[in-house]
Amino acid sequence: MSRTRIKICGLTRPEDVRAAVNAGADAVGFVFYPPSPRNLSVKRAAELAAQLPPFVSAVGLFVNPVPTFINEVLSAVPLQLLQFHGEETNAECDRYRMPWIKAARMRPGVDLLEFALSYPGASGILLDAFVDGYGGGGKTFDWSLIPAGLDRPIILSGGLAPENVQEAVRCVRPWAVDVSSGVEAAKGIKDADKIAAFVAGVRDADG
Ligand SMILES: O=C(O)c1ccccc1NCC(=O)[C@H](O)[C@H](O)COP(=O)(O)O
C-alpha cells in the first residue's frame, strides 16, 4: 500500500515551514486570498518557498483569482501546484499550463462524480467541508458522502487534526490529506508538536 501524502496548509512563518519539512510533509500550502488570516504577500511567499528542500512541493491556494494575479505570483514564487477553492471553471484553472487541483465543498447532495467530470484537467480533487470563507474552517464533513469510483486522486481535507487523522485515513484511504486549523496554535500560527503528531497519525494509519 502506498503511503498517504501530507500537505500542511496556511503557513506564514519560516519556523512553521521548517516544522512541516522536518516532520515529513510532502507539500506545504501558501494562501493567496486577502480575506484569509493566512494570506501571504507575494514577497513573503517567495521567502518561505525559498526555504523548501528538494521534493517538498509548494502549493499556491487561490479563490476566484484574476489571471494577472496568478501570473504575478508565479513570476516570483516557485509553485509546483495550484489549488483552486472558488467557482473557477476547468478552463480558468487550466490556462496556467501547470498541475492544479480543485476543491469540492462537501455537503449532502453534492454529486462528486459529476463534479470531477466537470474538471477534466484537475490532477486531483480536494474534498473540504462547506464553510463560510471558502476554506480553512477547521470543520469536518461526513466522509460517507465520498462515493467509490472517483476517477481522480482524492485529497481529504476539512477539520483534520492529530486526534482524527488516523480514523480519516483508515476510513477514506485518500491519496493525500490536507490540514490547516488542526495543527495551529492560532490562525496562521502553526504548532510544531501538532504537526509532528498529525504526521505520526498518518504514518500509523498507513501501517
Ligand atoms: O486556509 C485558509 O485560510 C483558506 C481560505 C480560503 C480558501 C481556502 C483556504 N484553505 C484551503 C485549504 O487547503 C485548507 O487546508 C483546507 O480548507 C482545510 O482547512 P482546515 O479545515 O482548517 O484544516
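Atoms within each ligand, like the ligands themselves, are counted from 1 in listed order. Values in this document were obtained by computation on a predicted structure and should not be read as measured data. The first residue in the sequence is number 1, and the count goes up from there.
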Trainee: Tell me, do Phe30 and Val28 make a side-chain contact under 4.5 Å, heavy atoms counted?
Mentor: yes
Trainee: Using a 4.0 Å cut-off to any heavy atom of Asp178, which atoms of ligand 1 qualify?
Mentor: 12 (C), 13 (O), 14 (C), 15 (O), 16 (C), 18 (C)
Trainee: Would you check whether Lys7 reaches within less than 4.0 Å of ligand 1, judged by its heavy atoms?
Mentor: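 Contact present.
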Trainee: With under 30° as parallel and over 60° as perpendicular, where do the rings of Phe84 and Tyr96 fit, or are they tilted in between?
Mentor: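 Taking Tyr96 first and then Phe84, their aromatic rings lie parallel (interplane angle under 30°).
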Trainee: Counting each atom of ligand 1 from 1 as listed, which ones have a heavy atom of Gly137 under 4.0 Å away?
Mentor: 21 (O), 22 (O)
Trainee: Please tell me if the side chains of Tyr33 and His85 come closer than 4.5 Å, counting only heavy atoms from C-beta onward.
Mentor: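 When only atoms from C-beta onward are counted, His85 and Tyr33 do not touch, as no gap falls below 4.5 Å.
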Trainee: Under 3.5 Å, is there a donor on one side chain and an acceptor on the other for Gln83 and Lys7?
Mentor: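 A donor-acceptor contact under 3.5 Å links the two side chains.
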Trainee: Identify, by atom number and element, the atoms of ligand 1 in contact range of Val179, meaning under 4.0 Å from any of its heavy atoms.
Mentor: 23 (O)
Trainee: Considering only heavy atoms of Gln83, which atoms of ligand 1 have at least one such atom less than 4.0 Å away?
Mentor: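 Near Gln83, meaning under 4.0 Å from one of its heavy atoms, ligand 1 has 11 (C), 12 (C), 13 (O).
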Trainee: Does Arg3 come within less than 4.0 Å of Asp26, counting only side-chain N to carboxylate O?
Mentor: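 A salt bridge is present here (some side-chain N lies under 4.0 Å from a carboxylate O).
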Trainee: Please write down residue, atom name and distance for the protein heavy atom closest to atom 3 (O) of ligand 1.
Mentor: Ser36 OG, 2.7 Å
Trainee: Enumerate the atoms of ligand 1 whose separation from the nearest heavy atom of Leu61 is less than 4.0 angstrom.
Mentor: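 Under 4.0 Å from Leu61, ligand 1 has these atoms: 7 (C), 8 (C), 9 (C), 10 (N), 11 (C), 12 (C), 13 (O).
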Trainee: Looking only at distance, does Gly136 have an N or O less than 3.5 Å from an N or O of ligand 1?
Mentor: yes
Trainee: Counting non-hydrogen protein atoms only, what is the nearest one to atom 2 (C) of ligand 1? Give residue, atom name and distance.
Mentor: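 Here the nearest protein heavy atom works out to Arg38 NH1, 3.3 Å.
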Trainee: Identify which of Gly182, Gly133, Ala161 has a heavy atom lying nearest to atom 6 (C) of ligand 1.
Mentor: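 Result: the heavy atom closest to atom 6 (C) of ligand 1 is in Gly133.
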Trainee: Of the listed options (Ser157, Gly29, Gly135), which comes nearest to atom 16 (C) of ligand 1 when hydrogens are ignored and any heavy atom counts?
Mentor: Ser157
Trainee: Applying a strict under-4.5 Å side-chain criterion to I, L, V, M, F, W and Y, I'd like to know whether Val179 and Ile6 cluster together.
Mentor: yes
Trainee: May I ask you to decide if Leu156's main-chain N or O and Asp178's side chain share a donor-acceptor pair within less than 3.5 Å?
Mentor: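 No, because the side chain of Asp178 does not come within donor-acceptor range (under 3.5 Å) of the backbone of Leu156.
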Trainee: Do Arg95 and Thr89 meet the criterion of a side-chain donor-acceptor pair at a distance under 3.5 Å?
Mentor: no
Trainee: Look at atom 17 (O) of ligand 1 and say which protein heavy atom is nearest, naming residue and atom and giving the distance to 0.1 Å.
Mentor: Asp128 OD2, 2.5 Å
Trainee: Going by the atom numbers of ligand 1, which of them fall below 4.0 Å from some non-hydrogen atom of Val63?
Mentor: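 Counting from 1, the qualifying ligand atoms are 7 (C).
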Trainee: Please confirm whether Gly10 approaches ligand 1 to less than 4.0 Å, judged on its heavy atoms.
Mentor: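 In this structure, Gly10 fails to qualify as a contact of ligand 1 - no heavy atom is under 4.0 Å.
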Trainee: Taking atom types as modelled and ignoring hydrogens, do the side chains of Thr12 and Arg44 form a donor-acceptor contact shorter than 3.5 angstrom?
Mentor: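 No - no donor-acceptor pair under 3.5 Å links their side chains.
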Trainee: With clusters defined by side-chain heavy atoms of hydrophobic residues (ILVMFWY) lying less than 4.5 Å apart, directly or transitively, does Trp100 cluster with Tyr134?
Mentor: no
Trainee: What atoms in ligand 1 come closer than 4.0 Å to a heavy atom of Cys9?
Mentor: 12 (C), 13 (O), 15 (O)
Trainee: With a 4.5 Å limit on heavy-atom distance, are the side chains of Phe130 and Phe141 in contact?
Mentor: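 Answer no - side chains too far apart.
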Trainee: Would one find an N or O of Gly138, backbone or side chain, under 3.5 Å from an N or O of ligand 1?
Mentor: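 By distance alone, the answer is yes.
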Trainee: List every atom of ligand 1 that sits less than 4.0 Å from any heavy atom of Ser181, numbering the atoms from 1 in the order shown and giving each element.
Mentor: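 Once the distances to Ser181 are compared, the set is 20 (P), 22 (O), 23 (O).
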Trainee: Can you tell me which portion of Ser180 lies within the under-4.0 Å heavy-atom range of ligand 1? Options are side chain, backbone, both, or neither.
Mentor: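 Contact part for Ser180 vs ligand 1: both backbone and side chain.
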